[in-house]
Amino acid sequence: QVQLVESGGGLVQPGGSLRLSCAASGTISVIYGMGWYRQAPGKQRDMIAHITTGGSTKYADSVKGRFTISRDNAKNTVYLQMNSLKPEDTAVYYCSAEVENTPLRARQYWGQGTQVTVSS
């Protein structure tokens, strides 16, 4: 089994920065990709950033240019650097990992979520 542990959330002023991290542990052979999702009150959970094993990245339009996703494959850890934060970025942020289950087939695991609040 796989566990994801997040850290780095909190309260920040508009225009400020935060860095989230999420480490995967447990029985892991291959992680195909890792990503960050967020869910604001009254809204569905949306993907905001994704990174493959090789380092290819994809971002939601709402965060592109402000957020940067990265990963340390040796540590099975994914990061999300968040700059120029806006009140609308307030949400619960979840990390995910696509872990090999059978050859060429992955199971998606989720972290517990961490609250990010952007407010003056």
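FYI, side chains are in, hydrogens and waters are out, and symmetry mates aren't considered; it's all heavy atoms of this structure. Source: prediction; values computed, not measured. We number each residue from 1, following the sequence as shown.
Evaluation of the side chain to side chain donor-acceptor pair (under 3.5 Å) test over residues 5-19, restricted to residues two or more places apart or in two chains, returns Ser7-Ser21, Ser17-Asn83. Residue pairs that meet the salt bridge (charged side-chain N to carboxylate O under 4.0 Å, His left out) test with at least one member in residues 67-94, sequence neighbours left out, are Arg38-Asp89, Arg66-Asp89. Sorted by first and then second residue, the ring pair (Phe, Tyr, Trp, His ring centres under 6.0 Å) pairs with a member in residues 75-95 form an empty list; sequence neighbours excluded. Every pair passing disulfide (SG to SG under 2.5 Å) that includes a residue from residues 13-95 is listed here, sequence neighbours excluded: Cys22-Cys95. Residue pairs meeting the disulfide (SG to SG under 2.5 Å) criterion with at least one member in residues 31-66: none, sequence neighbours excluded.
The minimum heavy-atom distance between Thr53 and Asn73, with the atom names listed, is O-ND2, 3.1 Å. Ala24 approaches Leu4 most closely through the heavy-atom pair CB-CD2, 3.2 Å. Here the closest non-hydrogen pair linking Gln115 and Ala91 is NE2-O, 3.4 Å. Residues Leu18 and Leu85 approach most closely at N-CD1, 3.9 Å, considering heavy atoms. Here the closest non-hydrogen pair linking Thr68 and Tyr59 is CA-OH, 3.3 Å.
Aromatic ring centroids of Tyr37 and Trp110 lie under 6.0 Å apart.
For Gln3, the CD atom counts as loosely surrounded, since its 6.0 Å shell holds 12 or fewer non-hydrogen atoms of other residues, nucleotides or ligands.
Here Ser29 pairs with Glu100 under the side-chain contact (heavy atoms from CB on, under 4.5 Å) rule; sequence neighbours left out.
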